[in-house]
Amino acid sequence: TAFETLRDPTKRAAYDEDLALKSKRKASKVDKAVLVKLSEMEEILFEEEGGYDGGTGGREHDEYYDHDADDFDDENCQVAYCYQCRCGDEIEVLQEELVEKKDEKYSDDSNVFECPSCCLCVRVEVDMELDEL
């Protein structure tokens with residue numbers, strides 16, 4: 001339990017060391033993140049039910065829509081932004097994630113997203129208005 005870990009000096013030292021290492025790794029990713037403007041990312045719409053794969057780049061399950069089409073119905077759609085990674089995969093970011101984080105302005109890992117296939121991290125600079133569907 002937590003109490004036993006914090007009470008035992010040896011276990012507490014190991015816990016503190018592990019916590020410091022995790023914090024250092026997170027800071028390293030954030031510091032090395034490549035700055036990408038939102039306006040440079042591709043905007044996609046997808047069906048809300050099971051369409052978005054959490055940024056894994058697996059488009060085989062996504063159903064994309066042409067939002068300029070006359071028969072477009074955006075009720076069941078969400079917006080995501082895609083950045084083509086150097087490894088060939090894509091970093092996908094939900095618009096709602098950006099809306100939630102817009103008040104955090106570069107604090108810690110705000111707007112930093114990692115490629116699912118490699119170690120590249122991007123920091124998304126929101127340089128345009130986010131339209132809410």
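Quick note: numbers below take in every heavy atom, side chains included, and nothing from hydrogens, waters or symmetry partners.
- Y81 pairs in a side-chain contact (heavy atoms from CB on, under 4.5 Å) with only one of the listed residues (V124, I44, L98, I91), which is L98.
- L6 and L19 fall within the same hydrophobic cluster, where Ile, Leu, Val, Met, Phe, Trp and Tyr residues are linked whenever their side-chain heavy atoms come under 4.5 Å apart, directly or through other members.
- Rounded to the nearest 0.5 angstrom, E42 CD and E90 CD are separated by 6.5 Å.
- Side chain of D127 to backbone of S39: a donor-acceptor contact under 3.5 angstrom is found.
- Nearest heavy atoms, C119 versus R86: SG-NH2, 4.2 Å.
- Of the inter-residue distances, the one linking R123 atom CZ with L35 atom CG reads 8.0 Å to the nearest 0.5 angstrom.
- By the 4.5 Å heavy-atom criterion applied to side chains, T5 and R12 are not counted as neighbours.
- Between C87 and L120, every side-chain heavy-atom pair lies at or beyond the 4.5 Å cut-off.
- Distance check: E92 CD to Y83 OH gives 14.5 Å after rounding to the nearest 0.5 Å.
- With contacts defined as side-chain heavy-atom distances shorter than 4.5 Å, the pair V36/E125 does not qualify.
- Looking only at side-chain heavy atoms (C-beta outward), Q95 and Q78 stay at 4.5 Å or farther from each other.
- Side-chain contact between C118 and C85 is present, with at least one heavy-atom pair separated by less than 4.5 Å.
- In this structure a side-chain-to-backbone donor-acceptor pair under 3.5 Å is missing from E4 to D8.
- Under the 4.5 Å side-chain heavy-atom criterion for ILVMFWY residues, no single connected hydrophobic cluster contains both Y15 and F3.
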Item checked: Step-by-step side chain to side chain contact (heavy atoms under 4.5 Å, CB included) determination, V126 to N111 -> CA-CA 9 Å; V126 180; N111 290 352; 4.0 Å; yes

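- Ionic pairing of D18 and K22 is present here: one or more N-O contacts between side-chain nitrogen and carboxylate oxygen are shorter than 4.0 angstrom.
- Distance check, rounded to the nearest 0.5 Å: CD of E114 to SG of C121 gives 4.0 Å.
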